[in-house]
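Throughout, a chain's letter reflects where its sequence line sits, starting with A, and its residues are numbered from 1.
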Amino acid sequence: MIEVKQLYFKYPTMKDYVLKNINIKIELGQIVAIMGSNGSGKTTLIKHFNGLLKPNEGYVKVFGKDTQDESVAALSRKVGLVFQNPDHQIFSDTVWNEVTFALKNFGFEEEVIKKRVKWALEFFNLIQYKDTSPLLLSGGEKKRLCLASILAWDPDYIVLDEPTVGQDFLQKEKLREVIKMLITRNKTVIIVSHDIEFIWLLQPRIILLSNGEVVKDDVCANVFKDDASIDKCGVIKPQFVELFDHLAPLLPHPPLDVLEARSTFLKLMKKGG
Amino acid sequence: MTPLIKFIDFNFSYLDSPTPILKNINLEIKEGEFVLLVGPSGCGKSTLLRCINGLIPHLYSGVYKGKVIVDGEQVSEKNISTLATKVGFVFQNPENQIFMFTVEKDIVFGLENIGVDKEEIGRRLEWALKILNIEHLRYRAPYELSDGQKQRVAIAGTLVMHPKILILDEPTSLLDPKTAYEFISTLKELNRSIGITIIVVEHRIDLLPKVADRMIVMDGGQIVFDGPFKDIIKEKNLHLYGVTVPPIISLQNTLSESGVNLPGYSLDVRSFSEMIKKEVFRND
Amino acid sequence: MFWIAEGLIYRRQDSVFHTIDPRIKLLISMMLFFLSLVSSTIVEFSIILVLIFFIGALSKTLKRMVRTFVFSLSFLAMIFVINILVGYDIMFSIIISLRFISVVSSTSIFFLTSSPDELELVMKSFYLPYDLIFAFVTAVRFVPVIMLDAIQILDSQRSRGLEIEKGNFIKRIKNYIPVLIPLIVQAIIRSEELAEAMESRAYGFSKKKTSYYSLHLRKRDYFAATVAICFMIVFIYAIYFLHI
C-alpha cells in the first residue's frame, strides 16, 4: 500500500509549496487517475511514490516503509514509474539490453533476466526488434518499450505519466488491455493523464489536483458529477457524461462505453416506437 | 477560384529511406479552409506539412517528384524565407520554437529576419499581441510561461509575418483539456476573423467537430479519405487508421448499423441530445 | 520546475543600476576587473571591494553576489593554502585571495544586472556576426531547458534502479552513461526542431535584416560613464604616482 499523509513539498529555492497537505491511500488492485491542469503538481506527486522526491513535511510510506529511509532503487522495485518522454530513458545499443538494464541493476539472476525480458518483449510485440537499436523505433514503439522495460521486473505499482500522448487509437486500445490485465493480477496502475475519453473507459478512481492540493478523490462517476471541481482543475466532461446531463430522465446513468450506450438507446427507441 | 495549395502527382522519399513516405498525392486546399489532417503515426502527415512550407526540399532533401504549388508558386523554386511569409508553422513542442528571452523579442524575430522596418514591426507586434490575447505576457521570459501560453506566443511569432496559411503539427498534445479547448477556439477565431487558412494535425478529434470544415485521412503515405468533416467522420473504419472517433459519433454510427434511422447526424452532444429528445417524445 | 536553474539566470529586478545602458554596465564591470588586477595593497582592495558592494547594494543584488563567493569559498581557501605552501608569506596570500574575490565579484556585476537580451544588444553594437550572436543567445536560452532534461533523465534512470553514487571510481564513471546518452540524443532532437523552427521563421534571410531594438545612451548613462572613468584615473594616479 502507498500511504501519503499530510505531505508538503517545495523545491529548494522556491518560496511556495508545490504540494500542500496531500492525504491519500492507494491499495493494491486499483486503477487511479491523477488529473489536473498543467503545473498542478501531478508529476511532482508521482515522483514521491518511489522516493525520487522526499516530502518536506508529512510522510509517504510504501508497504509500511517511510520513503525517507529507503533508496530510490529499493522503492522502485515495488513502484515502477514510466515517464512521458521515452527519449529521456532510452540509451542502450539494442532493444533487448534496454529491458535488461533495470533487471541487472536490481540484481536478478541471468536466467530470470532472460525469461523476463523475453516475456516483456513478446507481450508488447517488440521481440522482432530485439537486436535493433531502440533509437530506430517509432514513437509508439518506444513508448511500448519503456513500459516493457518497467513491467519486466514486475513491480506492484505501475505509474504512467501521460501514456496516451502521441498515441493513435490502436495503440491506446492495446494500452487499455495491458492495464486491464495488470489489474487482474492485483497490480495497481496509477495514470497521470489529460485524455478524458481514455480515462472514462477505464472507470478509475480519480484524484483531482489543483495548485498542489487534492480537490477531489472519488470514483470516476462521482468526480464527473462535480462541475465546480473539474472546472477548477482544467478538466472537461467525457461526452457520455455530458450526454447524461442532457438526457438525465431517459438514461439510468452515463453510459460506460459505446456498446452500452447503443443497447440503452435501442431499448429507448423501441419503447418510443 | 484557384486553390491556395496544390499537390500535383507528388511523391517524396527521404534520402536515407528506401520506401517512399508520400505516394501519388493530389490535393487542393482553398483559401480560408480549416483542414484537419489525421492518420496513424508514420503515415506521412508531418512530411506532407513540411512540403507546404518548404522545409522539404530546402532543409531535408530527398527524392522529390511532382509539384507542390503554394499561392501560385512552386515551393521547390522559392527559398524558404520567402515561404515563411506565406506559410506559418507551429510545432508540437512549444519549447523548441521560442528562441528569445522575452515574448516581445521572440515575436519580432521573423520580421527582423525579412527586413521589415521598425515602425511596421511595432504595428504588427501590437496587432499580434492583441489578437492572441497575450498582451500581459509581453515582457515575460519563456520559462515564465505555461505550455498553453507558449503555443500562443509561437502562433503570434508566425502571424506577424502575415502568412496566408497557418500549419499546426499536434499543437495541443501537451495541454490540459480546458486549455486545449480554448486553444482550438482561438484558432477558429483567427480562421473567421482574418480568413487565414488553417491545416492542423490533431489526435483529439473531440475538440474539432464545430471547428474543422474538412477532414483528410492519410495512411501509408497516401490520402485515403478527403471530404467535408461531417461526412468523413461518419466513415466506418476510421479507427483502423488510428483515428480516435469521439464517442458520440461512434454511437450514431453503431446505431445506424443496427438499423436505427436517426433523423439527422449530430457532431456534438448537445444537438444529439436535442435530436433524441424530439425523436423519443414525438413517438410517445 | 525551474528552481534548479534559478542561480544561473538573470532575474528581472528594478533598480537605478539595472536601467543603465548595458554597455556602460559592461564598462564599469571591466574597469573594476582591471583595477583588481593592478591593485596590490590591502587598502586598494578595500576601496575596490567597498565600491563593488556599494553597486551590489544599489542594484539589490548584494545577496546573490555574496552567495557567488560563498560558493567559491573552498576554491578561495585552496588558493590561500597553496600560496602558503609554495612559500609565499601570509600577506601575499591574503592579497592573492582578495584579488580573486574582487575579480569574481566585479564580473558578476554585469551578469547579475544585465538580461541576456541586453547582452545580445551589446554584442550587436560591437558588430559581431549575427550567426555568432544568435548561437550565443540560444545557447544561454536553452541552458535551463537542458538542465531540466538532465534532471528528468536522471529521474528516469534512477527509477530503473540506477544508483549513480554506487561502486568504485570506474563504476561511477560508467554509471553516467545511461544519463549522458539520452541527454545527447535529446540535445540533437532539440537542435533539429530548433533548426526547423528557425527556418520556418526566415532565419538567414538577412540580406537586409532590420533590428527592432537598439541602444541609446541617455544623460544618466553618460553620467555613470564619466564617474566611472574619473574614478579609474584617480585610482591609478593614486597607485602609481602617490604610492598610497
(message) Can you tell me which portion of H239(B) sits under 4.5 Å from chain A's heavy atoms? Options are side chain, backbone, both or neither.
(response) both
(message) So which residue, L201(A), D245(A), D168(A), ends up with the most heavy-atom pairs under 4.5 Å with chain B?
(response) D168(A)
(request) Go through the atoms of T254(B) and report whether side chain, backbone, both or neither lie under 4.5 Å from a heavy atom of chain A. (result) both
(message) Would you say that M35(A) contacts P177(B) through its side chain, given a criterion of any heavy-atom pair below 4.5 Å between the two side chains?
(response) no
(request) Could you tell me which portion of S138(A) (side chain, backbone, both or neither) has an atom closer than 4.5 angstrom to a non-hydrogen atom of chain B? (result) neither
(message) Which one wins on heavy-atom pair count under 4.5 Å against chain A: P247(B), G242(B), S173(B)?
(response) P247(B)
(request) Test side chain to side chain contact (heavy atoms under 4.5 Å, CB included) on N38(A) and S146(B) and set out the steps. (result) CA-CA 7 Å; N38(A) 297 77; S146(B) 70; 5.6 Å; no
(message) Please check if the number of heavy atoms outside K174(A) that lie under 6.0 Å from its NZ is greater than 12.
(response) yes
(request) With rounding to the nearest 0.5 Å, note down the distance linking CD in E197(A) to CD1 in I205(B). (result) 12.0 Å
(request) Output the option from L175(B), T179(B), L240(B) having the highest count of non-hydrogen pairs under 4.5 Å with chain A. (result) L175(B)
(message) Is the shortest side-chain heavy-atom distance between E162(A) and L174(B) below 4.5 Å?
(response) no
(request) Check whether any side-chain heavy atom of I276(B) sits under 4.5 Å from a side-chain heavy atom of F265(A), and report yes or no. (result) yes
(message) Quick check for you: to the nearest 0.5 Å, what is the distance between E242(A) atom CD and I248(B) atom CD1?
(response) 8.0 Å
(message) With rounding to the nearest 0.5 angstrom, report the NZ to CD1 distance, K178(B) to I196(A).
(response) 11.0 Å
(message) Other residues, nucleotides and ligands only: do more than 12 of their heavy atoms fall within 6.0 Å of NZ on K216(A)?
(response) yes
(message) As an exercise, state the distance from CD of Q171(A) to OG1 of T244(B), rounded to the nearest 0.5 Å.
(response) 9.5 Å
(message) Atom NZ of residue position K234(B) - does it have more than 12 heavy atoms of other residues, nucleotides or ligands inside 6.0 Å?
(response) yes
(message) Take a 6.0 Å sphere around OH of Y265(B) and say whether it holds more than 12 heavy atoms from other residues, nucleotides or ligands.
(response) yes
(message) Under 4.5 Å from any heavy atom of chain A, what part of L238(B) do you find: side chain, backbone, both or neither?
(response) neither
(request) Under 4.5 Å heavy-atom distance to chain A, tell me which part of Y241(B) shows up: side chain, backbone, both or neither. (result) neither
(message) Please classify the contact of L262(B) with chain A as side chain, backbone, both or neither, using a heavy-atom distance under 4.5 Å.
(response) side chain
(message) At a 4.5 Å cut-off on heavy atoms, which part of D231(A) comes close to chain B: side chain, backbone, both, or neither?
(response) both
(request) Under 4.5 Å, counting heavy-atom pairs only, tell me which of G148(B), G42(B), P246(B) racks up the most with chain A. (result) P246(B)
(message) If I take atom NE2 from residue H246(A) and atom CD from residue E274(B), how far apart are they, to the nearest 0.5 angstrom?
(response) 7.5 Å
(request) Pick whichever of I236(A), V165(A), L247(A), L170(A) has the most heavy-atom pairs under 4.5 Å with chain B. (result) L247(A)
(request) Before accepting this row, confirm whether a basic side-chain N of the pair R204(B)/D195(A) lies closer than 4.0 Å to the acidic partner's carboxylate O. (result) no
(request) Measure distances from L251(B) to the heavy atoms of chain A and classify the residue's part below 4.5 Å as side chain, backbone, both or neither. (result) both
(request) Let me know if V243(B) has heavy atoms under 4.5 Å from chain A in its side chain, its backbone, both or neither. (result) backbone
(message) Is L243(A) close to chain B through its backbone or its side chain, or both, or neither, when contacts mean heavy atoms under 4.5 Å?
(response) both
(request) Indicate the atoms forming the closest heavy-atom contact of D176(B) with G36(A), along with that distance. (result) CB-O, 4.3 Å
